[in-house]
**Student:** 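Got a structure here, written out as structure tokens. Questions coming.
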Amino acid sequence: MDDGTMETAALRIGCKVNLTLRITGVRPNGWHELDTVFLPLAEPSDTLRLALRPGGGLALHCAEPGIDPENNTLTKAYRLFAEASGFRPGVEAVLEKGIPHGAGLGGGSADAAALLGWLNARAPEPLPLPELVGLAARIGADVPFCVVGNTYLAEGIGEILTPVKSNIKFDILLVKPPFSVSTPSVYKSLVLDENTTHPDIDKIKNALEDGNVSVIYENLGNMLEDVTLKMYGEVGKIKENLKNLGASAVLMSGSGPSVFAIFDDRQKLDGAYKIMKEKYKQTYLTSTINNV
């Protein structure tokens, strides 16, 4: 990747789940407005290896199937940052995927956010954080959160961020079935009308800050879940299996298809991991990252 004389970095990049997700409307440009509470997870994770090189532009190398090396969240992040800052260094990037692609875990968003932060730290005139967050929102609704990290309430198209001060650490079993979901197709199929059930975001936020896990369990909700479950029945089967294995709470993350389960009993968690790992290769034992 380099001759040993150039600056290099290896960034470890975690993922996220949505503890709750509410779609509030659609803007004229087709972007959906949302309210969601993001929880950062320690694992699974990606590794992004970066090196400055002569010339300009981003050269991306990734062995993961389904990622277009010319058109992805990283190339978009580089282009937007270059346009906003005028800083266009030559960058060679090698992306090693540990976060499943197309899983509803924000892997691509986290990768883009990591590159934005790395570029900003090296720019002759770094962008202020609000401007960086604004750029991130143009890449995707998860990217602003990934720029700032920690537990956040996100509103608008993801660019309005409010920190949620919580010292709760959740032990989580994360399961992704052997297929990916198209986020645009899920949003396109979502119907918002008077019959739509909206999760109570404030209850979740307040319960996190108060340490009231029972209220959190009772108010988990994801408005995209019903859409994805109709498309992919396997997601519903995974949810049911995890409930039967003793999970205290179960929910699909983002547009899916990954499902996360919170366990209060470590023995049940370990037992569920062994059973689900035999059925689904992409099963992970993980935990949330505390921010206080």
Side-chain angles (χ1 to χ4, degrees), residues 1-17 40-82 88-119 121-122 136 139-143 145-147 149 174-186 232 234-235 253-260 273 276-286:
M1 180 171 167
D2 71 285
D3 62 4
T5 63
M6 300 181 192
E7 178 189 357
T8 63
L11 308 179
R12 180 183 168 277
I13 302 164
C15 61
K16 62 82 186 174
V17 291
L41 299 184
E43 295 292 342
S45 61
D46 288 349
T47 298
L48 181 61
R49 303 184 187 279
L50 298 166
L52 294 172
R53 61 181 177 83
L58 175 72
L60 175 64
H61 311 277
C62 181
E64 181 77 8
I67 295 180
D68 182 348
E70 303 297 329
N71 184 24
N72 54 73
T73 58
L74 286 165
T75 56
K76 189 169 185 180
Y78 180 94
R79 176 177 57 81
L80 289 173
F81 187 84
R88 294 176 169 84
V91 179
E92 189 168 0
V94 177
L95 177 61
E96 300 169 5
K97 290 294 292 179
I99 305 169
H101 178 58
L105 300 175
S109 297
D111 298 336
L115 179 60
L116 287 175
W118 188 83
L119 288 169
R122 285 152 185 81
I139 303 170
D142 296 349
V143 187
F145 153 74
C146 295
V147 167
L174 190 64
V175 181
K176 180 193 173 290
F179 55 84
S180 298
V181 167
S182 166
T183 298
S185 67
V186 172
Y232 303 95
E234 188 74 12
V235 177
S253 180
S255 57
S258 297
V259 175
F260 68 95
Y273 171 74
M276 298 304 289
K277 187 70 173 177
E278 289 181 359
K279 297 180 180 179
Y280 302 99
K281 180 181 178 181
Q282 291 175 307
T283 295
Y284 308 90
L285 271 178
T286 186

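Any value given below was found using the heavy atoms of this structure, including those in side chains, with hydrogens, waters and symmetry copies removed. Throughout, residue positions are numbered sequentially from 1 according to the sequence presented.
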**Student:** At their closest point, which heavy atom of Ala110 faces which heavy atom of Gly14, and how far apart are they?
**Tutor:**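 Scanning both residues, the minimum pair turns out to be CB-O, 3.5 Å.
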**Student:** Has Tyr284 got a side-chain atom pairing as donor or acceptor with Lys176's backbone, closer than 3.5 angstrom?
**Tutor:**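 Flag not set: sc Tyr284 to bb Lys176 has no pair under 3.5 Å.
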**Student:** Among residues at least two apart in sequence or on other chains, which ones pass salt bridge (Lys or Arg N to Asp or Glu O under 4.0 Å) with Lys16?
**Tutor:** Asp142
**Student:** Please identify each residue that fulfils ring pair (Phe, Tyr, Trp, His ring centres under 6.0 Å) with Tyr232, with sequence neighbours left out.
**Tutor:**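 By the ring pair (Phe, Tyr, Trp, His ring centres under 6.0 Å) rule, Tyr232 matches Phe179.
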**Student:** For Ser258 and Ala103, indicate whether the former's side chain and the latter's backbone hold a donor-acceptor pair under 3.5 Å.
**Tutor:** yes
**Student:** Report the residues that fulfil salt bridge (Lys or Arg N to Asp or Glu O under 4.0 Å) with Glu234, sequence neighbours left out, ordered by chain and then residue number.
**Tutor:** none
**Student:** Indicate yes or no: at least one non-hydrogen side-chain atom of Thr8 is less than 4.5 angstrom from one of Leu50.
**Tutor:**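 Of all side-chain heavy-atom pairs linking Leu50 with Thr8, none is under 4.5 Å.
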**Student:** What heavy-atom pair brings Ala112 and Thr73 nearest, and what distance separates the two atoms?
**Tutor:**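 What the structure gives for the nearest pair is CB-O, 3.6 Å.
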**Student:** Under the rule for salt bridge (Lys or Arg N to Asp or Glu O under 4.0 Å), what residues qualify as partners of Lys76, not counting sequence neighbours?
**Tutor:** none
**Student:** Is there side-chain contact between Pro178 and Lys281, with at least one heavy-atom pair below 4.5 Å?
**Tutor:**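 No; the side chains remain at least 4.5 Å from each other.
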**Student:** Apply side-chain contact (heavy atoms from CB on, under 4.5 Å) to residues Lys97 and Ile67 and explain how you reach the verdict.
**Tutor:** CA-CA 10 Å; Lys97 290 294 292 179; Ile67 295 180; 4.1 Å; yes
**Student:** Got a second to check how far Glu43's CD is from Cys15's SG, nearest 0.5 Å?
**Tutor:** 8.0 Å
**Student:** Closest approach of Ala42 and Thr286, non-hydrogen atoms and distance?
**Tutor:**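 Shortest heavy-atom separation between Ala42 and Thr286 comes out as N-OG1, 3.7 Å.
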**Student:** Once rounded to the nearest 0.5 Å, what's the spacing between atom CG of Leu52 and atom CG of Leu119?
**Tutor:**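 Answer rounded to 0.5 Å: 8.5 Å.
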**Student:** How close do Val181 and Gly256 get, heavy atom to heavy atom, and via which atoms?
**Tutor:** CB-O, 3.7 Å
**Student:** Quick one, Asp111 and Asn72 - any side-chain contact, counting heavy atoms below 4.5 Å?
**Tutor:**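 When only atoms from C-beta onward are counted, Asn72 and Asp111 do not touch, as no gap falls below 4.5 Å.
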**Student:** Using the side-chain hydrogen bond (donor to acceptor under 3.5 Å, both in side chains) criterion, which residues pair with Thr183? Sequence neighbours excluded.
**Tutor:** Ser255
**Student:** Give a yes or no on whether the backbone of Arg12 and the side-chain of Ser45 come within a donor-acceptor separation of less than 3.5 Å.
**Tutor:**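 Pair absent, no side-chain N/O of Ser45 close to backbone of Arg12.
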**Student:** Heavy atoms only: give me the nearest Ala77-Leu116 pair and the separation to one decimal.
**Tutor:** O-CD2, 3.6 Å
**Student:** Quick one: does Phe81's side chain get under 4.5 Å of Leu115's, heavy atoms only?
**Tutor:** no
**Student:** Tell me the closest heavy-atom pair linking Lys277 and Thr283, and the distance in Å.
**Tutor:**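 Taking every non-hydrogen atom into account, NZ-O, 3.4 Å.
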**Student:** Got a second to check how far Tyr78's OH is from Leu60's CG, nearest 0.5 Å?
**Tutor:**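 Here the rounded value is 13.0 Å.
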**Student:** Under the 3.5 angstrom rule, does the side chain of Ser109 hit a backbone N or O of Cys146 as a donor-acceptor pair?
**Tutor:**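 Checked: no pair found.
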**Student:** With sequence neighbours left out, what residues match Glu64 under salt bridge (Lys or Arg N to Asp or Glu O under 4.0 Å)?
**Tutor:**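 None.
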**Student:** Quick one: does Asp46's side chain have a donor or acceptor within less than 3.5 Å of a partner on Ile13's backbone?
**Tutor:**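 Side chain of Asp46 to backbone of Ile13, a donor-acceptor pair under 3.5 Å: no, none is there.
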